[in-house]
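Note that the coordinates shown come from a computational prediction; the quantities given were computed from them, not determined experimentally. So that the names make sense, note that chain A is the first sequence line, chain B the second, and so on, each numbered from 1.
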Number of protein chains: 2
Amino acid sequence: MYICLSMKSTNLYKGSLVTIILKLLNEHDKMYGYEITQKVKEITKNELQLTEGALYPALHKLEAQGLLDVEASKVGNRVRKYYKLTEAGTKETVEKLAELESYIRNMRALVNPKFRNE
Amino acid sequence: MYICLSMKSTNLYKGSLVTIILKLLNEHDKMYGYEITQKVKEITKNELQLTEGALYPALHKLEAQGLLDVEASKVGNRVRKYYKLTEAGTKETVEKLAELESYIRNMRALVNPKFRNE
DNA sequence: AAGTAATACATAGAATTTATATGCATAAAT
DNA sequence: ATTTATGCATATAAATTCTATGTATTACTT
């Protein structure tokens, strides 16, 4: 019904979608797109709502890059596409998580002088 | 000499440039562009190097939005453009910092189950 | 029973942000 | 004398995400 749920007003989340997807798949083994959007809403208490216009293309790209495998599954008359990490995807997840920690460390240092000691 | 210093390989920093600029100006009162790039390098121990192709347009935009004031200053035969926060800029800084904290909280919850309890 | 909301996929085009690659010029260091 | 650092700038490309759609099934509500 044509209502678009967006990544809030801030654009800090730009660049973090892949990290989110990989980490959730790393934790849950196998998920489908819609399930990912709901899980993100739940964990962030509605503060972050992924847009489908960003999520689905991202999933397709990760699959094309060999980081995800897909498996279609019929539930009633409706199709779900379950995604799971490949081996390469698992490695990439580790890298992305390290990048996130580095990002958070640097941003904290930039905005909070008391985090600047080493 | 045409060497371009970039925001590293990750794209997590997308969307955080404005936050960085505002916070540094909030702390240092008055800074010029090149000085900002050096301060960021120093604080992040070279992990983050702002590109001038992103920084200067961002400064111009913040000025056009009324968040920054500019004052040109000659040092020898060279011109520096000092930027400082306007009142609106100071308010915006507070908002941007709150958004960053919210972002970090949500991302931590997403990637680390132990941060999910409230 | 009918209408609405939720589930579940998808895509095209716009918008936003940043990177790349330049350009010019002065001052300092080798 | 030459290179590096300082200091500004911009245009185009690249990357990511948003907006606005579209289709279809299932569940819920009145």
Stretch residues 74-81 of chain B: residues that reach within less than 4.0 Å of DNA chain D through a heavy atom: R78(B), V79(B), R80(B), K81(B)
DNA chain D contacts made by residues 61-73 of chain B, counting heavy atoms under 4.0 Å: none
Protein-nucleotides 11-13 of chain C N/O pairs under 3.5 Å:
{"from": "dT11(C)", "atom 1": "OP2", "to": "H60(A)", "atom 2": "ND1", "distance (Å)": "3.4"}

Between [N] ([atom2]) and [X] ([atom1]): distance, integer Å:
X: L50(A); N: dA8(C); atom1: CG; atom2: P; result: 15 Å
X: L17(A); N: dT16(D); atom1: CG; atom2: P; result: 10 Å
X: N46(A); N: dA6(C); atom1: CG; atom2: P; result: 12 Å
X: L59(B); N: dG7(D); atom1: CG; atom2: P; result: 14 Å
X: E42(A); N: dT7(C); atom1: CD; atom2: P; result: 12 Å
X: L12(A); N: dT17(C); atom1: CG; atom2: C1'; result: 12 Å
X: K41(A); N: dA8(C); atom1: NZ; atom2: P; result: 13 Å
X: L55(B); N: dT10(D); atom1: CG; atom2: P; result: 12 Å

Ignoring backbone atoms, establish whether [X] has a side-chain N or O less than 4.0 Å from OP1 or OP2 of [N].
X: Y32(A); N: dA8(C); answer: yes
X: T51(A); N: dC18(D); answer: yes
X: N11(B); N: dT16(D); answer: yes

Short N-O contact, [X] and [Y], less than 4.0 angstrom:
X: R108(B); Y: E101(A); answer: yes
X: R80(B); Y: E71(B); answer: no
X: E95(A); Y: K23(A); answer: no

How long is the span from the [atom1] atom in [X] to the [atom2] atom in [Y], to the nearest 0.5 Å?
X: T37(A); Y: L50(A); atom1: OG1; atom2: CG; answer: 6.5 Å
X: L17(B); Y: K61(B); atom1: CG; atom2: NZ; answer: 10.5 Å
X: E92(B); Y: L97(B); atom1: CD; atom2: CG; answer: 10.0 Å
X: K84(B); Y: N26(B); atom1: NZ; atom2: CG; answer: 13.0 Å

E47(B) and S102(A): side chain donor to acceptor below 3.5 Å: yes
Side-chain donor-acceptor pair present, D69(A), Y82(A), cut-off under 3.5 Å: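 D69(A) vs Y82(A): no donor-acceptor pair found between side chains.
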Y103(B) and Y13(A) aromatic centres sub-6.0 Å: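 Here the rings of Y13(A) and Y103(B) have centres that are less than 6.0 Å from each other.
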N11(B) side chain near K14(A) side chain, heavy-atom distance below 4.5 Å: no
Heavy-atom side-chain proximity of L24(A) to I43(A) below 4.5 angstrom: yes
Base dT17(D) paired with K14(B) side chain (donor-acceptor, <3.5 Å):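 Between dT17(D) and K14(B), which were checked side chain against base, a qualifying N/O pair under 3.5 Å is absent.
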Of V18(A) and Q38(B), the one whose closest DNA chain D nucleotide lies more 5': Q38(B)
